[in-house]
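The basis for the numbers below is simple: all heavy atoms, side chains too, and nothing from hydrogens, waters or symmetry mates.
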Amino acid sequence: MCGIVGAWLNQGGTENITDVLIEGLRTLEYRGYDSSGIGVLRTDIGSESSSSFVRIARRQGRLANLEEVLKDGSLQGANVGVGHTRWATHGEPSDGNAHPHTDGSNHIALVHNGIIENYLELRRELESEGVLFASETDTEVLTQLVGRAYGQTGDLAASLRLALRRVAGYYAVAVVGNQNGATELVCARQGPPLCIATLEDGAILASDVLALLPHTRDVTYLIDGDMAILKPGVISIERIDGEPGTSVEREVTHIDWDAEAASKSGYPHFMLKEIFEQPEVLGRAIFDRLKPLEGDVEFEGAGWTSAELNGIGRVQILACGTALHAGIVARYLIEGLARIPVEVDFASEYRYCDPVVSPGTLALAISQSGETADTLAAMRLARELGAQTMSICNVQGSTLTRDCGRNILTHAGPEIGVASTKAFTAQLIAAYLFALRLGRARGTIDETNGRKMIEELRHLRPKMEQLLTQEYSDSIRAIAKRHINAKGFLFLGRGVNYPIALEGALKLKEISYVHAEGYAAGEMKHGPIALIEPALTTLVINTEGRVADKVRSAIEQVKARGGPIIAVGSDPESQRLGEDVIDVPKTSEWLSPLLNVIPLQLFSYHFADLKGCDIDKPRNLAKSVTVE
Ligand code: F6R
């Protein structure tokens with residue numbers, strides 16, 4: 001589900017299609033994946049025979065496993081195909097569930113990122129009509145729908161359009177097919193990104209412009225609802241819900257090697273790009289770390305034995321700003337799951353409050369940059385006082401990672417926008433994994449619950465992607481617009497979502513310069529309630545769970561005083577109470593901060609953009625605060 005490539009090269013060219021697809025997949029590896037595959041089609045120009053058939057190679061694990069299979073040369077001699085790196089959602093990572101998928105006739109090969117929400121219903125319908133399925137994936141349902149229509153119409157673009165009109169969900173999809181000697185390569189987007197380009201002697205498509213750059217610098221980004229029909233040297237873009245044959249214009253973006261333009265990948269700001277990168281960050285942060293069978297995790301560099309983890313009697317978390325908010329979430333996770341007492345301190349306070357470090361204390365420093373002066377100093381002080389030290393950090397080789405005995409790298413990639421977004425979610429993921437490891441080592445989480453926690457984590461990515469469609473982002477922009485004249489904002493949350501209220505308020509104030517305060521929902525009645533009036537907007541984060549009804553009563557108190565409410569989260573009762581609603585998919589309470597924060601990031605981004613603020617470089621702020 002993670003990375004797509006597709007290409008059609010003119011016959012007689014020097015490049016081999018399998019090499020082009022594999023190279024494309026290699027550039028997409030950073031997104032995280034658990035299996036890969038390619039499917040090609042020989043066009044057999046001049047042959048008397050009718051259709052060609054697809055040939056597919058798929059392998060679980062690293063791309064190297066796929067390359068090993070390809071050594072037998074069985075996919076040579078083709079000039080059009082699609083490739084995929086998969087992050088398993090429906091069906092375990094396995095050769096059979098890897099993409100591409102084909103239908104019973106073997107005339108098409110299809111790859112897909114995203115999720116088909118009504119796949120079960122469609123699968124039952126197809127099975128009742130005699131269709132046999134070879135995998136557990138939602139993707140195969142789409143493949144069978146396309147394949148059946150293709151068998152009847154002989155027109156791949158029309159068949160994909162028909163199939164997509166039956167599908168609920170979000171997707172980037174590419175499909176190659178041949179019927180009666182006519183080859184077609186088609187792709188479509190509703191959610192996950194896709195970009196396309198014509199080449200002098202071909203055409204190419206991919207999830208990320210990085211895969212196109214070795215071939216061309218002139219690329220077109222598809223927008224939600226677009227489908228594209230690619231042929232060597234010619235691309236036509238239509239709307240999925242439009243009239244067949246009616247093409248639409250999309251701008252061609254020239255990617256020059258201005259690093260900034262290239263790395264923004266068509267997004268107007270780094271902050272927005274980084275918000276949209278969060279599903280990939282999740283993939284990278286958990287890739288190679290999960291042990292699903294044992295219900296446990298393993299960190300590559302953190303080097304703890306279970307006995308050492310058992311020796312930890314107390315955790316002191318030290319951080320600043322957004323990283324501190326991640327630290328507060330970590331407190332709920334470690335206390336709740338591993339039953340170890342945790343304190344969270346502003347690094348700048350810890351340095352001067354004469355802290356007490358008892359035997360068995362772990363000082364856990366959290367930092368994106370690994371260079372924040374206060375965090376470094378607090379961590380050094382804790383070590384001098386006898387604590388063991390560990391970091392959750394994004395920059396390998398930074399001062400913090402060199403200073404700390406142990407590190408969990410967050411793998412968020414370079415974060416350029418000053419307002420931290422993807423680094424924050426990466427810190428939350430690291431904290432969740434660490435709490436799980438601690439709990440497993442100490443026996444507070446058994447194997448069954450460990451497996452459940454991993455399963456929930458694996459299902460988080462498609463849920464994150466649901467929050468990162470153009471449509472969702474636009475709906476949040478519309479809400480931001482309705483509240484553009486508010487004189488201030490109050491963010492309320494409780495339990496593990498209390499720090500998300502803090503983070504939502506911090507994001508808004510730092511990039512839009514409007515006053516915003518984050519508060520624990522239960523504390524509102526002890527003071528901030530005096531602020532409530534029609535000109536002050538309150539965003540309430542509420543997820544179904546232990547404190548949902550308590551948070552609902554805070555909403556009632558705000559409403560009773562005429563304060564407008566934006567209800568954020570999965571709790572349906574709260575949604576009924578809000579003037580504006582930002583729905584968030586349901587997940588476990590422990591993982592809910594990872595989803596709830598995304599609409600708050602988008603809200604801040606759109607609010608600041610509507611106000612015309614300099615989003616990537618807010619006034620008075622530096623990306624890394626290396627002075628006290
Ligand atoms: C806010 C933000 C800052 C940083 C803080 C710590 O969006 O980015 O609050 O979180 O300055 O920085 P790091 O994580 O680099 O230690």
Side-chain angles (χ1 to χ4, degrees), residues 4-10 20 24 41 43 79-82 107-114 142-143 145-147 149-150 152-167 169-209 211-213 215-255 265-268 469-471 473-474:
I4 284 179
V5 291
W8 188 345
L9 307 173
N10 257 332
V20 168
L41 193 72
T43 51
N79 66 336
V80 56
V82 291
H107 285 311
I108 61 168
L110 184 145
V111 291
H112 159 237
N113 293 348
L142 179 60
T143 311
L145 282 175
V146 176
Y150 193 36
Q152 287 155 12
T153 62
D155 178 337
L156 190 60
S159 306
L160 181 62
R161 180 181 260 123
L162 277 175
L164 291 178
R165 286 181 178 177
R166 295 220 49 210
V167 151
Y170 56 99
Y171 46 76
V173 58
V175 54
V176 65
N178 180 292
Q179 193 123 251
N180 306 320
T183 295
E184 289 176 77
L185 175 62
V186 192
C187 63
R189 172 189 178 171
Q190 179 63 43
L194 257 190
C195 49
I196 56 176
T198 48
L199 310 175
E200 205 177 306
D201 57 355
I204 189 159
L205 66 98
S207 299
D208 190 314
V209 72
L212 304 191
L213 287 179
H215 304 277
T216 179
R217 307 243 169 112
D218 295 311
V219 307
T220 301
Y221 293 93
L222 295 186
I223 64 169
D224 283 350
D226 280 352
M227 58 186 287
I229 300 146
L230 292 87
K231 292 187 177 147
V234 197
I235 279 174
S236 145
I237 303 173
E238 300 181 6
R239 298 291 293 164
I240 297 167
D241 60 4
E243 278 300 307
T246 307
S247 56
V248 289
E249 291 296 315
R250 296 280 171 256
E251 203 182 319
V252 175
T253 305
H254 180 72
I255 311 286
S265 307
Y267 287 95
T469 62
Q470 189 63 43
E471 205 184 343
S473 181
D474 287 348

Could you measure the distance from the [atom1] atom of [X] to the [atom2] atom of [Y]? Nearest 0.5 Å is fine.
| X | Y | atom1 | atom2 | result |
| --- | --- | --- | --- | --- |
| T198 | D218 | OG1 | CG | 8.0 Å |
| T143 | H112 | OG1 | NE2 | 9.0 Å |
| I196 | T216 | CD1 | OG1 | 11.5 Å |

State which residue, out of I229, L205, L41, V175, fulfils the side-chain contact (heavy atoms from CB on, under 4.5 Å) condition with L185.
->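 Of all the options given, the one that passes is L205.
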Hey, which of V173, V186, V176 is the one that makes side-chain contact (heavy atoms from CB on, under 4.5 Å) with L110?
->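 In the set V173, V186, V176, the residue that makes a side-chain contact (heavy atoms from CB on, under 4.5 Å) with L110 is V173.
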Indicate yes or no: at least one non-hydrogen side-chain atom of [X] is less than 4.5 angstrom from one of [Y].
| X | Y | answer |
| --- | --- | --- |
| N113 | S207 | yes |
| L9 | P232 | no |
| V252 | V219 | no |
| L222 | C187 | yes |
| T220 | I237 | yes |

Applying salt bridge (Lys or Arg N to Asp or Glu O under 4.0 Å), name anything that partners D226, two or more places apart in sequence or on another chain.
->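 Checked D226 against salt bridge (Lys or Arg N to Asp or Glu O under 4.0 Å); matches are R239, R250.
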Does anything in residues 178-198 pair up under salt bridge (Lys or Arg N to Asp or Glu O under 4.0 Å), and if so which pairs, sequence neighbours excluded?
->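 Every pair satisfying salt bridge (Lys or Arg N to Asp or Glu O under 4.0 Å) with a residue in residues 178-198: R189-D224.
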Exercise: identify the closest heavy-atom pair between [X] and [Y]:
| X | Y | result |
| --- | --- | --- |
| A188 | L194 | O-CD1, 3.3 Å |
| A163 | V146 | CB-CG2, 3.6 Å |
| I108 | Y150 | CG2-CD2, 3.3 Å |
| Q179 | G154 | NE2-CA, 3.6 Å |
| E243 | E238 | O-OE1, 4.0 Å |
| G24 | A211 | O-CB, 3.9 Å |

Taking the side chain from [X] and the backbone from [Y], do they hold a donor-acceptor pair closer than 3.5 Å?
| X | Y | value |
| --- | --- | --- |
| Q190 | G225 | yes |
| H107 | G177 | no |
| D155 | A158 | yes |
| Y221 | E251 | no |

Please name all residues satisfying ring pair (Phe, Tyr, Trp, His ring centres under 6.0 Å) with Y171, sequence neighbours left out, ordered by chain then number.
->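 Expected list: none.
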May I have the step-by-step check of side chain to side chain contact (heavy atoms under 4.5 Å, CB included) for W8 and T183, ending in yes or no?
-> CA-CA 10 Å; W8 188 345; T183 295; 3.8 Å; yes
Identify, with sequence neighbours excluded, every residue that meets side chain to side chain contact (heavy atoms under 4.5 Å, CB included) alongside A7.
->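 Expected list: I17, V20, L21, I204.
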Residues two or more places apart in sequence or in another chain: which of them pass side chain to side chain contact (heavy atoms under 4.5 Å, CB included) with A149?
->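 Counting only residues at least two positions away or on another chain, A149 forms a side chain to side chain contact (heavy atoms under 4.5 Å, CB included) with S159, L162.
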For side chain to side chain contact (heavy atoms under 4.5 Å, CB included), just list the numbers for D208 and C195, CA-CA rounded to whole Å, side-chain angles, deciding distance to a tenth of an Å, and then say yes or no.
-> CA-CA 7 Å; D208 190 314; C195 49; 5.8 Å; no
Applying side chain to side chain contact (heavy atoms under 4.5 Å, CB included), run through V5 and V82 and close with a yes or a no.
-> CA-CA 6 Å; V5 291; V82 291; over 6 Å; no
Before giving the answer on side chain to side chain contact (heavy atoms under 4.5 Å, CB included), spell out for L164 and L142 the whole-Å C-alpha distance, their side-chain angles and the decisive distance to 0.1 Å.
-> CA-CA 8 Å; L164 291 178; L142 179 60; 3.8 Å; yes
State which residues pass side-chain hydrogen bond (donor to acceptor under 3.5 Å, both in side chains) with Q470; sequence neighbours excluded, sorted by chain then number.
->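 For Q470, the residues satisfying side-chain hydrogen bond (donor to acceptor under 3.5 Å, both in side chains) (neighbours in sequence not counted) are D474.
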